[in-house]
Amino acid sequence: MRLFRRKRIGIALSGGAARALCHIGVLEILDELGVEISAVSGTSMGAIIGAFYALGINIKEMEEYIYSTNWKEYLLFSNITMNRFGVINSRKADRALDALFGDKTFDDCKRDFCCVAVDIEKREKVVFNSGKLKDAVRASISIPGIFSTMSIGDRILVDGGVIEPLPTEAIKTLGVNFIIASSVNLDKEDKPLDVSFTGDEDNLAQEERSSSKIGGALLKSRKEKVVKKKPSLFYILDASLHIIHREMTEKYLKSADIVIEPRVGDFGFFDFVRSKEIIERGRKAAIEKIPEIEKKLGRKLFSQLVKV
């Protein structure tokens, strides 16, 4: 006689900076459906959201925190710096993580949790599942060129996305036998990416407003040259990370039993001010997967009338 084997479900959350906020929408729908998540893994921004979720923080509380944060002030006025370690002032990030997680450790989690970083000197993956959450998460979000590295013991650590942008292999260390992957899909859904460029755009706009029709045409041509020749630093970093994510994620998707891919390519790397829209994309993607989730879990889920 073959005994029924209970599914121990784990969810792997990819990186993606602001776009990874879509994981919150995915988790919200899974909670509404009654899917019992036993373990969570995260890389980069997925590590922050995963740590929150593993601690048992209510999804609505997560959303309220994100919606109430003045992201423009946080990102534009306090955090940008230029040094040989990265373009983000890591002290502000460290203080934020300290405020979020304090001295909580992995032992405080209500669900099993791990997050991924990379030892840049040994060129090997590091999976954290013990110690202080804020230290492990800080290591996992240390995007090369943006955040400074994180030192723990004799290791110099950077963002886990360098090796495992979608931590479906890492979550296997937590003893799961059914994996749901929530992975940002950086294809655009319905409108072009809003790209910021360096240069004299403000002056061009002023000139364009005061120009004649003929002068306006000349200014338009000049503006096109500025746009084409001077992409911003963050646009270049964003486009580069997009390529890396797309090329590296494919093999990790194969380890998942269910793949949920919110399409968030029309949002920017630091588009935290559009968090409601990004989270809604996560909800939408998860809702579209309900028939597959029911089929593979072998049961009807509790909520049948979830509205987008």
Side-chain angles (χ1 to χ4, degrees), residues 10-28 37 39-69 71 74-75 79 86 88-106 108-118 126-129 131-143 146-150 152 157-162 164-167 170-171 181-184 241 245 262 264 267 269-275 278-279 282:
I11 186 164
L13 308 177
S14 75
R19 292 169 295 210
L21 294 175
C22 64
H23 299 320
I24 294 174
V26 171
L27 291 169
E28 185 175 11
I37 305 294
V40 191
S41 64
T43 293
S44 201
M45 188 65 186
I48 295 179
I49 296 168
F52 265 121
Y53 190 65
L55 284 168
I57 305 297
N58 183 277
I59 296 292
K60 293 298 181 185
E61 289 181 50
M62 285 192 216
E63 292 179 352
E64 287 172 8
Y65 173 78
I66 291 165
Y67 299 157
S68 64
T69 299
W71 291 107
Y74 184 85
L75 290 169
N79 262 15
I88 298 293
N89 185 336
S90 298
R91 289 191 299 274
K92 185 69 177 286
D94 292 341
R95 289 197 296 270
L97 290 175
D98 189 56
L100 292 173
F101 299 115
D103 290 323
K104 289 184 173 62
T105 70
F106 283 79
D108 293 309
C109 293
K110 305 295 190 297
R111 298 176 174 88
D112 291 338
F113 174 61
C114 68
C115 62
V116 181
V118 174
V126 179
V127 178
F128 286 98
N129 56 18
K132 288 186 177 182
L133 284 171
K134 65 182 179 183
D135 292 340
V137 169
R138 173 65 176 81
S140 189
I141 68 170
S142 299
I143 304 170
I146 295 183
F147 282 104
S148 62
T149 58
M150 176 69 178
I152 299 179
L157 301 159
V158 298
D159 191 316
V162 171
E164 192 171 346
L166 175 65
I171 203 167
S182 180
S183 178
V184 298
L241 292 170
H245 180 89
V264 290
F267 297 99
F269 192 85
F270 287 120
D271 236 344
F272 290 94
V273 293
R274 299 175 68 188
S275 57
I278 297 171
I279 290 171

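- With rounding to the nearest 0.5 Å, the separation of CZ in F269 from CE in M45 is 10.5 Å.
- Between the CD1 atom of I141 and the CG atom of L157 there is a distance of 12.5 Å, given to the nearest 0.5 Å.
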Side chain to side chain contact (heavy atoms under 4.5 Å, CB included) assessment of I37 paired with Y53: CA-CA 10 Å; I37 305 294; Y53 190 65; 3.8 Å; yes
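- Note that CG of L133 and CZ of F52 are 10.5 Å apart. Values are rounded to the nearest 0.5 Å.
- Of the listed residues (V137, I57, L27), just one forms a side chain to side chain contact (heavy atoms under 4.5 Å, CB included) with I49, and that residue is L27.
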Residue pair H23, S14: steps toward the side chain to side chain contact (heavy atoms under 4.5 Å, CB included) verdict: CA-CA 8 Å; H23 299 320; S14 75; 3.5 Å; yes
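- Panel note: side chain S44, backbone D159; no donor-acceptor pair is recorded below 3.5 Å.
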Check against side chain to side chain contact (heavy atoms under 4.5 Å, CB included), V184 and C22: CA-CA 8 Å; V184 298; C22 64; 3.7 Å; yes
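- No side-chain heavy atom of S142 sits less than 4.5 Å from a side-chain heavy atom of T149.
- A distance-only check finds no donor-acceptor pair linking the side chain of R111 to the backbone of V40 [under 3.5 Å].
- The distance from atom CD of E164 to atom CG of L166, rounded to the nearest 0.5 Å, is 7.5 Å.
- Across all their heavy atoms, S275 and L21 have their closest contact at CB-CD1, 3.7 Å.
- Within the 4.5 Å cutoff, the side chain of I152 has heavy atoms near those of the F128 side chain.
- Annotation: side chain of L100 is not in contact with side chain of K134 (no heavy-atom distance under 4.5 Å).
- Looking at heavy atoms from C-beta onward, V26 lies in side-chain contact with P262 at the 4.5 angstrom threshold.
- Side-chain contact between R138 and C115 is absent, with no heavy-atom pair separated by less than 4.5 Å.
- Annotation: the span from F106 atom CZ to D112 atom CG amounts to 11.0 Å, rounded to 0.5 Å.
- To the nearest 0.5 angstrom, I278 atom CD1 is 5.5 Å from D271 atom CG.
- A donor-acceptor pair under 3.5 Å is absent between the side-chain atoms of S41 and the main chain of C114, judged by distance alone.
- Between V118 and the choices V126, V162, T43, the side chain to side chain contact (heavy atoms under 4.5 Å, CB included) rule is met once, by V162.
- Residue K132 is tested with D108, D98, D103 for a salt bridge (charged side-chain N to carboxylate O under 4.0 Å, His left out); the sole match is D103.
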